[in-house]
Each structure stands twice: as C-alpha cells, then as structure tokens.
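As structure tokens, the structure follows; a few thoughts come after it.
The sequence lines fix the lettering, A, B, ..., with proteins before strands; numbering per chain opens at 1. Computed over heavy atoms, backbone and side chain alike; hydrogens, waters and symmetry mates excluded.
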Amino acid sequence: YLDDDDHDEL
Amino acid sequence: MNLFRLAGDMTHLFSIIVLLLKIHATKSCSGISLKTQELYVIVFLTRYLDLFTRFVSLYNTVMKIVFIGTSFAIVWYMRYHKVVKQTYNKDEDTFKHYFLLLPCFVLALLLHNEFTTMDVLWTFSLYLEAVAILPQLVLLQQSRNIDNLTGNYVFFLGAYRGLYVLNWIYRYFLQDHRARWIPWISGLVQTALYADFFYYYILSWKKHEKLKLPA
C-alpha cells in the first residue's frame, strides 16, 4: 500500500 | 517539506532557468545534449501522471507544470528554432539514448512498489532520471570548449541531486523514519554519475581556468 507521501517529491 | 528539499527543488529550477537563459539570450544550444533533454521530457511526463488525479499541494502542482513546460520548451528550441537548431552539436551527441529506455522500463516492471500503471511509470521515471544525464556528460567530454553557462547548468543539476540526498537523510532521521528504497538507490546512482564532473568543475573553478573534461 502506498502512502500519499510516497510520491510527494518532485 | 524541509529546507534541503526546497533548496534541491530551487536548484533544479535554477538549472533549467540557466539553460533557457543560455538558449534564449545567446541563441545557441552548443554543448547541450538534445538526447538528455528528450529523456527529461519522458521523465517528467511519466512521473507527473498524477497531476490531475491526486492533489498534494499547490507548490507540487505548479512545479510539475513548470518542469513539464520548460522541458518541452527546451526540446522545441533545440529541434525547431531556426537559429538555435543550427548550433546543436548533432555529430557529437552520439549516445544511443533509446537504449536506456528499455532497460529502465524492464527494471521498473521487475522492481516497484505496486503493480499499477501509475506506480510502474513513476518507478520507470526514477530509473530513467538516474541515467538521463549520461548523453550530456558524454557530449561534455567530447567538447573542447565548455562555456560557462553549460558548465553551470550541469553543476546546478548535480547540486539538486546532492541536496535531495541530504533531504532524504533529514527526512528519515528527523521526520518520518520511512525507508524509500527505490528513490534512494536510483538517486544515489544519479548523484554518483556527477562525481567526476564535480571534481573537474571545482578544479577549474579553483584554478580560474576554463572547464575541460579529460577524454
């Protein structure tokens, strides 16, 4: 399960 | 968001501004690899697929649009601007960049967090970004004269990667203690690719000489 802040970087 | 992350993003943005400034003001893209720039277009398009499906922050949204837009603008200038395209070192930009795409894609199919289109493409974009600088570094090595703006562009791009590593260290120890192996490993590979360039960049800066990479 991916947490929302796994993809929060640019 | 911590200060290292912000500084990293700003350095990334600044590197793009330096490149656009060079192209726009001098009407020249000499020393710049079109192949690297095309790879960045693919990197941004595949990474920011979530632009319209998931909102993180206004900051993220704006930065994503800026990165996609500027990468397209750079490629457009190099391919179609009638003056700029004539300054492109086509014969020296020899790296077979298409050969990077397939291995990165296969690796993303094998190593990812979730087997979904979005996550596999996001992972692919991280692997591809790690190696996208290679055509640019090969071109620099073949250039006799590296102008200041080109040298600075690559320097800020490398600095951005270095700051992201500091951001991860800070995040892990002082913020959320979460391991993010895919961005970490690909980010470290990417940062390592700049080591050689940094060495000669700092050397030439210390000696007040023009930057030249040994063949």
Which bit of B:Asp9 comes within less than 4.5 Å of chain A, counting heavy atoms only: side chain, backbone, both or neither? side chain
Whatever's closer than 4.5 Å to a heavy atom in chain A on B:Phe67 counts as side chain
For B:Phe14, is the CZ atom crowded, meaning more than 12 foreign heavy atoms sit under 6.0 Å from it? no
Do B:Arg54 and A:His7 make a side-chain contact, defined as non-hydrogen atoms from C-beta onward lying under 4.5 Å apart? yes
If you count the non-hydrogen atoms of other residues, nucleotides and ligands that lie under 6.0 Å from CH2 in B:Trp76, is the total more than 12? yes
Under a 3.5 Å distance rule, please check whether A:Asp8 uses its side chain to pair with a backbone N or O of B:Val56 as donor and acceptor. no
CZ/B:Phe95: more than 12 non-hydrogen atoms of other groups inside 6.0 Å: yes
Minimal non-hydrogen separation, B:Tyr59 against A:Leu10, with atom names: CE2-CD1, 4.1 Å
If I take atom CD from residue A:Glu9 and atom CZ from residue B:Arg47, how far apart are they, to the nearest 0.5 angstrom? 9.5 Å
Can you confirm whether B:Ile202 is buried at CD1, in the sense that more than 12 heavy atoms of other residues, nucleotides or ligands lie under 6.0 Å from that atom? yes
